[in-house]
There are 2 protein chains.
Amino acid sequence: MQRYSFDTVDYQILQELKADARKSAAEIARKLGLNERTVRNRIDRIVEAGAARLTCIVDPAYFGYVITADIFLEVDYEQEQAVINALLAIPAVSYLAFGQGTQDLSIEVRFKNNEQLREFLRSVLPAIPGVHVKGYALVPRILRNIDEWMPPAEEFIEE
Amino acid sequence: MQRYSFDTVDYQILQELKADARKSAAEIARKLGLNERTVRNRIDRIVEAGAARLTCIVDPAYFGYVITADIFLEVDYEQEQAVINALLAIPAVSYLAFGQGTQDLSIEVRFKNNEQLREFLRSVLPAIPGVHVKGYALVPRILRNIDEWMPPAEEFIEE
DNA sequence: GCTGAAAATTATGCATT
DNA sequence: AATGCATAATTTTCAGC
């Protein structure tokens with residue numbers, strides 16, 4: 001990947017879009033002292049290159065999904081893909097990653113209350129063939145999420 | 001929270017914005033068979049209520065940050081806030097959450113190679129007063145992130 | 001809370017450097 | 001890759017329902 005390199009102008013534009021993805025190119029241009037067309041070209045290039053995407057993040061807490069838990073699973077190798085598909089089909093699953101071993105999966109789930117979480121741990125997960133719950137941890141508070149991540153400013157260099 | 005409730009129209013608009021946060025209100029209106037003004041009003045309401053935010057997500061892999069690790073920490077209680085501030089100031093830290101115990105923190109970090117991760121585990125983290133590394137796990141692949149999360153459709157009801 | 005119409009702003013296509 | 005210009009599309013403002 002990384003076919004194109006981006007400079008500090010791109011970095012500033014990304015920061016503006018991070019604050020508000022719908023900010024008009026004209027407004028960004030005024031703020032950064034650039035030409036509107038330049039800003040639009042840059043945004044198009046960034047998005048088309050796949051370096052960033054402009055999206056909408058729903059706040060789980062606003063909708064009452066205040067319970068977050070990390071669950072660690074062991075998965076029978078032969079049924080791995082079926083398990084992954086089953087898990088991704090569950091709306092409560094907000095994160096799914098492979099662990100280090102080929103058998104390890106970790107997921108993050110969101111629920112409205114502890115009863116839903118208990119039900120999920122006791123009934124929903126065990127009902128998926130090939131899944132074994134190794135453990136879980138409640139996550140009381142999240143202070144930063146991946147969507148806030150940016151490469152360090154040094155990555156954006158003048159050519 | 002949850003002062004307002006949203007309906008299926010809001011749900012559809014959120015899905016459109018998820019695909020492209022810069023999609024024009026006019027285009028969304030055409031696609032969903034709504035009035036442009038209605039779409040803009042809905043978007044404003046959603047964002048002002050804090051139910052969702054329109055933002056830009058940078059792809060770590062594009063910038064070469066291909067190493068992801070989850071690190072589990074134990075933190076001396078008296079220095080908790082200082083530790084959190086120190087961790088949040090580190091760009092590599094893409095996720096930070098409290099664990100179940102008052103002393104537990106878990107973080108996710110992004111690096112370009114294993115050497116940077118080793119350096120972080122061996123030198124950077126131990127240099128923060130009050131931090132003890134309990135363990136870590138490499139995350140080979142992430143299949144879903146929180147930014148893709150949506151409440152189940154049933155949450156969006158007609159009034 | 002939805003919609004209409006005019007005015008202001010912004011985006012697009014094409015062309016030039 | 002950046003920008004100027006003309007045209008098209010969109011958003012905003014102010015209103016009524």
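Every chain is numbered from 1 and lettered A, B, ... according to where its sequence line falls, protein lines coming before strand lines.
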| Are A:I142 and B:L96 close enough that some pair of their side-chain heavy atoms sits under 4.5 Å apart? | no
| d(CG, B:N41; P, D:dC14) in whole Å | 15 Å
| query | Quick check, are the ring centers of B:F72 and B:Y136 under 6.0 angstrom apart? | reply | no
| remark: Whole-Å distance, A:E36 CD to C:dT9 C1', equals 9 Å
| query | Taking CG from A:L54 and P from C:dA11, how many angstroms apart are they, rounded to a whole number? | reply | 13 Å
| Near-ring test A:Y95/B:W149, centroid separation under 6.0 angstrom | no
| task | Decide yes or no on side chain to side chain contact (heavy atoms under 4.5 Å, CB included) for A:R144 and B:L88, but give the supporting numbers first. | result | CA-CA 8 Å; A:R144 177 186 284 172; B:L88 287 177; 3.8 Å; yes
| message | Less than 4.0 angstrom between a side-chain N/O of B:R30 and OP1 or OP2 of D:dT10, yes or no? | response | yes
| field | Atom-to-atom span, CD of A:E27 to C1' of C:dA8 - whole angstrom | value | 15 Å
| request: Please report, rounded to the nearest Å, how far the P atom of D:dA2 is from the CD1 atom of A:I28. | output: 15 Å
| task | Please figure out whether B:R40 or A:L34 has its closest DNA chain D nucleotide nearer the 5' end. | result | A:L34
| Does the side chain of A:R45 get closer than 4.0 angstrom to OP1 or OP2 of D:dA2 through an N or O atom? | yes
| Expressed in angstrom and rounded to an integer, what is the separation of B:D44 atom CG from D:dT11 atom P? | 11 Å
| In whole angstrom, what separates A:R42's CZ from C:dA11's C1'? | 19 Å
| task | Confirm from the modelled atom types if B:R37 and D:dT13 form a donor-acceptor pair under 3.5 Å, side chain to base only. | result | yes
| Residue pair A:T68 / A:L138, side-chain heavy-atom distance below 4.5 Å | no
| said: What is the distance, to the nearest angstrom, from the NZ atom on A:K31 to the C1' atom on C:dT10? | reply: 18 Å
| N or O in side chain of B:T38 less than 4.0 angstrom from C:dC2 OP1/OP2 | no
| According to a strict under-4.0 Å criterion, is A:N35 in side-chain N/O contact with OP1 or OP2 of D:dG4? | yes
